[in-house]
Enquirer: 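Shown below is the structure under consideration.
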Amino acid sequence: MAAASGTGFQELGIRDWLIQQSRQLGIKEPTPVQEHCIPAILRGQDCMGCAKTGSGKTAAFVLPILQKLSEDPYGIFCLVLSPTRELASQIAEQFQVLGKPIGLKDCMIVGRMDMVKQALELSRKPHVVIATPGRLADHLKSSNTFNLKKIKFLVLDEADRLLEQGCTDFTKDLEVILGAIPAKRQTLLFSATLTDTLQELKKIAMNRPFFWESKSEVRTVDELEQRYLLIPERMKEAYLVHLIQKTQDEHEDWSIMIFTNTCKMCQVLNMMLRKFRFPCVALHSMMQQVRQRFAALAKFKSSVFKILVATDVAARGLDIPTVQMVINHNTPGLPKIYIHRVGRTARAGRHGISITLVTQYDIHLLHAIEEEIKSKLKDYPADEKEVLRILTHVNVTRRECEITPF
Ligand SMILES: Nc1ncnc2c1ncn2[C@@H]1O[C@H](COP(=O)(O)OP(=O)(O)OP(=O)(O)O)[C@@H](O)[C@H]1O
């Protein structure tokens, strides 16, 4: 990924052992968000970082936190909050790899995993706790075997999502957590879309935070080719099958994420695409078993499955470098959701393409997206004749899947 201005990690104040370790992840020169936020964090300031998807926001907080931890190691030193289990696990991984030389002990506290085991891990004072708010609040309410009274760092990754009252409302849990941590701490907030919730965020990062936002007008990365297909609702699935077939025929190495607006649709599409013998797997919040969710994601990450059909549970933060294409089966109602979804491709300087399926009823949503990202989407030139050829077969198959019990 391109460095910001030739400033190296050393000049930012990062120590040699961490620089060496970062190289293992291909992190050699700082990205702009890292260049600006790392020195502020090392100086002891609160920090709000708003930078495009895939621009290295995770390392922008992991590196300075590890450095501070190495100077004064104790547990529990840092608390990171994340909106989803999958994202928490990815952040934990970066802490583990980068923190290996100092014997970092981390602990993941996420829902639908064994509470007793988690309580035990917390009582062992890990250096870093990475948690989803709901489960951590449950522990705080029910256990006295650990406390967060000494934490130095609070990180809110995807900070705006943590404050939104979406289908999962984290605000009550956040109140419990904020009540359990010291007022004197460093608070770090990161997201690709901070602006809507800026005022509320400022209340959490009280100490006149250092605020850094990437300057570019356009809010999506240049390496991302953004397309749309204006089509009738009843032809969506045929277009989807066509797009996947085309990608499979033209590329040896390919990987696609498809976003749907409901768990049911996610399930139906997954089932339908499997009937067409596409190697795909689903990820949505109604998959009860956490193990099942992690397994689905692992299979997609390792390219055993080339297609991941997902709801917005996978829209934020997930870093899967191989994803070349994002297909939005529905036009997102909020531009912000669009930005995070398409940000699953074209990460860390790679090229990627997104195709948004738009019906005549969604044109206003498309316009809202274009206004927000300050860029126009281009029409995708699909082979309509081919789509018409497969239309009946695809629709019959989809209907079969719809009546299969969920
Ligand atoms: N300085 C760097 N040079 C090269 N690659 C980097 C650098 N910093 C981070 N990366 C890599 O870039 C990828 C994206 O980083 P990361 O997941 O932190 O993005 P992000 O900004 O948090 O994106 P999102 O908004 O989608 O959560 C990761 O694979 C990470 O290892």
Side-chain angles (χ1 to χ4, degrees), residues 1-12 14 18-39 41 47-66 80-84 86-99 130 155-162 188-195 212-214 216 219-221 223-224 255 257 259 297 301 310 312-323 326 335-352 354 373:
M1 202 173 348
S5 61
T7 313
F9 280 111
Q10 207 156 25
E11 282 101 323
L12 302 183
I14 296 292
L18 257 177
I19 296 178
Q20 297 302 333
Q21 204 61 15
S22 303
R23 285 178 189 271
Q24 290 198 13
L25 291 179
I27 301 178
K28 294 180 183 137
E29 299 299 327
T31 61
V33 65
Q34 293 163 358
E35 181 185 331
H36 290 88
C37 295
I38 289 175
I41 299 171
C47 176
M48 299 170 79
C50 182
K52 292 176 186 180
T53 52
S55 62
K57 292 187 287 293
T58 318
F61 64 81
V62 172
L63 288 172
I65 289 175
L66 284 174
V80 182
L81 297 178
S82 136
T84 65
E86 286 76 10
L87 190 50
S89 144
Q90 190 177 290
I91 298 166
E93 236 175 83
Q94 281 224 8
F95 268 109
Q96 286 157 13
V97 177
L98 294 170
I130 301 123
V155 183
L156 268 58
D157 195 31
E158 305 296 342
D160 54 329
R161 174 66 193 95
L162 290 169
L188 316 179
L189 311 169
F190 285 91
S191 179
T193 49
L194 277 182
T195 28
W212 190 79
E213 186 172 19
S214 56
S216 111
R219 303 194 49 197
T220 43
V221 296
E223 292 79 8
L224 174 67
S255 145
M257 271 177 98
F259 283 102
L297 196 58
K301 274 188 174 173
D312 285 312
V313 73
R316 279 176 181 258
L318 289 187
D319 181 48
I320 308 165
T322 47
V323 176
V326 168
K336 182 149 98 160
I337 292 180
Y338 173 87
I339 292 174
H340 286 282
R341 281 184 177 186
V342 298
R344 293 320 97 211
T345 185
R347 298 177 69 76
R350 291 180 195 83
H351 178 79
S354 67
I373 63 170

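Positions are given from 1 along the sequence. For ligands, and for the atoms within them, numbers begin at 1 and follow the listed sequence.
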Enquirer: I want to know if ligand 1 touches P321 in the polar sense, i.e. an N/O pair below 3.5 angstrom.
Expert: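 Among all N and O atoms of P321, none is under 3.5 Å from an N or O of ligand 1.
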
Enquirer: Closer than 3.5 angstrom, by distance alone: can the side chain of S354 be matched with the main-chain N or O of V342 as a donor-acceptor pair?
Expert: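 Looks like no, no N/O pair under 3.5 Å.
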
Enquirer: Are any of the N/O atoms in R347 less than 3.5 Å from those in ligand 1?
Expert: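 Yes, R347 has an N/O under 3.5 Å of an N/O on ligand 1.
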
Enquirer: With sequence neighbours left out, write down each residue that passes side chain to side chain contact (heavy atoms under 4.5 Å, CB included) with Q20, or none if nothing qualifies.
Expert: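 Partners of Q20 under the side chain to side chain contact (heavy atoms under 4.5 Å, CB included) test: R23.
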
Enquirer: Quick one: which ligand 1 atoms are inside 4.0 Å of a heavy atom on S55?
Expert: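 Ligand 1 atoms under the 4.0 Å threshold to S55: 19 (O), 20 (P), 21 (O).
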
Enquirer: Ignoring hydrogens and geometry, is there a side-chain-to-backbone donor-acceptor pair from K57 to A51 under 3.5 Å?
Expert: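 Checked: pair present.
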
Enquirer: So that I can tick it off, tell me whether R316 and D160 are bridged by a salt bridge, with the cut-off set at under 4.0 angstrom between side-chain N and carboxylate O.
Expert: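 Result for this pair is yes, salt bridge flagged.
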
Enquirer: Taking all non-hydrogen atoms of both residues into account, name the closest pair between R347 and G317 and its distance.
Expert: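 Smallest heavy-atom distance, with atoms named: NH2-O, 3.9 Å.
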
Enquirer: Does S82 have any side chain to side chain contact (heavy atoms under 4.5 Å, CB included) partners at least two apart in sequence or in another chain, and if so, which?
Expert: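 So S82 forms a side chain to side chain contact (heavy atoms under 4.5 Å, CB included) with L87, A88, I91.
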
Enquirer: Can you list the ligand 1 atoms lying under 4.0 Å from a non-hydrogen atom of E158?
Expert: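 That gives atoms 27 (O) of ligand 1.
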
Enquirer: Does any donor atom in the side chain of H340 or T53 lie under 3.5 Å from an acceptor atom in the other side chain?
Expert: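 The criterion, which ignores hydrogens and geometry beyond distance, is not satisfied for T53 and H340.
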
Enquirer: With heavy-atom distances below 4.0 Å as the criterion, list the atoms of ligand 1 near G26.
Expert: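 In order of numbering, the contacting atoms are 3 (N), 4 (C), 5 (N).
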
Enquirer: Give a yes/no verdict on whether any heavy atom in K52 is under 4.0 Å from an atom of ligand 1.
Expert: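 Contact check K52 vs ligand 1: positive.
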
Enquirer: Indicate yes or no: does an N/O atom of G56 lie under 3.5 Å from an N/O atom of ligand 1?
Expert: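 Indeed, backbone or side chain, G56 has an N or O that close.
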
Enquirer: Could you tell me which atoms of ligand 1, counted from 1 in the order shown, lie closer than 4.0 angstrom to a heavy atom of R344?
Expert: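 Once the distances to R344 are compared, the set is 26 (O).
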
Enquirer: Which atoms of ligand 1 sit under 4.0 Å from any heavy atom of A348?
Expert: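 The list of qualifying atoms is 12 (O), 13 (C).
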
Enquirer: Is there at least one pair of N or O atoms, one from Q34 and one from ligand 1, spaced under 3.5 Å apart?
Expert: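 Yes, since at least one N or O of Q34 sits under 3.5 Å from an N or O of ligand 1.
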
Enquirer: Identify the two heavy atoms, one from L63 and one from I14, that lie closest to each other, and give their separation to 0.1 Å.
Expert: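 Taking L63 first and I14 second, the nearest heavy atoms are CB-CD1, 4.0 Å.
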
Enquirer: Does A51 come within less than 4.0 Å of ligand 1, judged by its heavy atoms?
Expert: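 False for this residue.
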
Enquirer: Heavy atom of H340 under 4.0 Å from ligand 1?
Expert: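 So H340 does not count as touching ligand 1.
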
Enquirer: Run down the list L318, T58, D319, V33 and name the one with the heavy atom closest to atom 28 (C) of ligand 1.
Expert: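 When every heavy atom of L318, T58, D319, V33 is considered, D319 comes closest to atom 28 (C) of ligand 1.
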
Enquirer: For F190 and F61, take the angle between the two ring planes, folded into 0 to 90°, and tell me which bin it lands in: parallel under 30, tilted 30 to 60, perpendicular over 60.
Expert: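 Because their plane-to-plane angle lies in the 30° to 60° range, the rings of F190 and F61 count as tilted.
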
Enquirer: Quick one: which of K57, R23, E29 has a heavy atom closest to atom 25 (O) of ligand 1?
Expert: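 That would be K57.
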
